[in-house]
Amino acid sequence: MMLDPGGLIATGLLATMLVTGAVALLVNDLLVAAALFGVFSFAAAAWFAALGAVDVAFTEACVGGALTTILLVAATFRTTRRLDR
Amino acid sequence: MTPYALAAALFTLGLGGMVLLPNLVRKLLAMNVMQVAVIVFFIALATKDGGRVPILEPGETEAIAADFMNPLPHTLMLTAIVVSVATTGLALGLLIRIWRQYGSLDERILLSRLRGSGDDATRHGAGDDATRHGAGEPPR
């Protein structure tokens, strides 16, 4: 069940989390940021499953990956898409 | 890279984003990244070498606690995830109100508009006036 920490999948998940997390904070479009945050949450969920926390993994996939992204997209249409004002 | 290094990197990213980015939505996203960092840290605490997922196999009647990972941080982090989405929802609600009232989500613009409407309030002597003035015309 455990991934080996130096393996390709584990390293790929870590890199995905770091890159999408950083880029989501820097892009200028809230919809793009929401999508990237969804990818970030999904990579986090896969990482939790790899660490053996399956319950946390599916909660994070449902709540963090789906619900937070839906909330962000809903907020986009009620405020503005641009993040520089 | 160990899970602890990942947690530290994500926490730094989130905390730095919350402090340095001027846009309130970006601050909120940074806060979410920080919360995921804390969850990664606790999940990493719960793992152990050779530990199994804390679920009994079908037909297994007795369990030795030493064989399993610690399930207590897992349950704590379930609560943390739910709290995090509740925080995000409330914050987005507040941000929508701020946008309708002031027409901006940038901290610097908001501060200057707050200061401007505050001056108007002292001049006209009516707080209601100030909020109506602040509503302005939100740039769509």
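Residue numbering restarts at 1 for every chain, and letters A, B, ... go by the order of the sequence lines. Owing to the predicted nature of the structure, the values given are computational and were not obtained by experimental measurement.
Within 6.0 Å of CZ in B/Phe42 there are 12 or fewer heavy atoms belonging to other residues, nucleotides or ligands.
If you measure heavy-atom distances from B/Ala30 to chain A, the contacts under 4.5 Å come from both the backbone and the side chain. The contact between B/Ile55 and chain A is made entirely by side chain atoms (from C-beta outward), counting heavy-atom distances below 4.5 Å. The part of B/Leu92 that comes within reach of chain A is its side chain, from C-beta onward, which places non-hydrogen atoms under 4.5 angstrom from that chain.
In this structure, CG in A/Leu72 is found 7.5 Å from CG in B/Asn32, a value given to the nearest 0.5 Å. How far CG of B/Leu78 is from OG1 of A/Thr59: 4.5 Å, rounded to the nearest 0.5 Å. Atom-to-atom distance recorded for B/Ile39:CD1 and A/Glu60:CD is 5.5 Å, nearest 0.5 angstrom. We find the CG-CG distance between A/Leu13 and B/Leu6 to be 10.0 Å, quoted to the nearest 0.5 Å.
Screening A/Leu25, A/Leu26, A/Leu83, A/Leu30 against B/Arg26 for a side-chain contact (heavy atoms from CB on, under 4.5 Å) leaves a single residue, A/Leu83.
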- Message: Show, in sequence, the C-alpha distance, side-chain angles and deciding distance for B/Val85 and A/Leu71, and conclude whether the side-chain contact (heavy atoms from CB on, under 4.5 Å) test is met.
- Response: CA-CA 9 Å; B/Val85 76; A/Leu71 286 176; 4.2 Å; yes

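Closest non-hydrogen pair, A/Gly21 versus B/Leu13, comes out as C-CD2, 3.8 Å. Residues B/Pro3 and A/Leu51 share a closest heavy-atom pair of CG-CD2, 4.3 Å. Here the shortest heavy-atom pairing between B/Leu29 and A/Ala33 reads CD1-CB, 3.8 Å. Here the closest non-hydrogen pair linking B/Pro54 and A/Gly52 is CD-O, 4.2 Å.
Under a hydrophobic-cluster definition in which Ile, Leu, Val, Met, Phe, Trp and Tyr are linked whenever side-chain heavy atoms come within less than 4.5 Å, directly or via other members, B/Leu21 and A/Val27 are assigned to different clusters. In the hydrophobic cluster analysis, where Ile, Leu, Val, Met, Phe, Trp and Tyr join through side-chain heavy atoms closer than 4.5 angstrom, A/Met17 is grouped apart from A/Val23. Note on B/Val38 and B/Phe41: same hydrophobic cluster, where clusters join Ile, Leu, Val, Met, Phe, Trp and Tyr whose side-chain heavy atoms are under 4.5 Å apart, directly or indirectly. A/Phe37 is connected to A/Leu18 through a chain of hydrophobic side-chain contacts under 4.5 Å among Ile, Leu, Val, Met, Phe, Trp and Tyr, so both are in one cluster.
Interface summary for chain B: among A/Ala75, A/Ala53, A/Gly64, A/Ala24, the most heavy-atom pairs under 4.5 angstrom belong to A/Ala53. With chain A as partner, the option from B/Val33, B/Leu24, B/Thr88 having the largest number of non-hydrogen pairs under 4.5 angstrom is B/Val33.
Counting only heavy atoms from C-beta outward, the side chains of B/Leu10 and A/Phe40 approach each other to under 4.5 Å.
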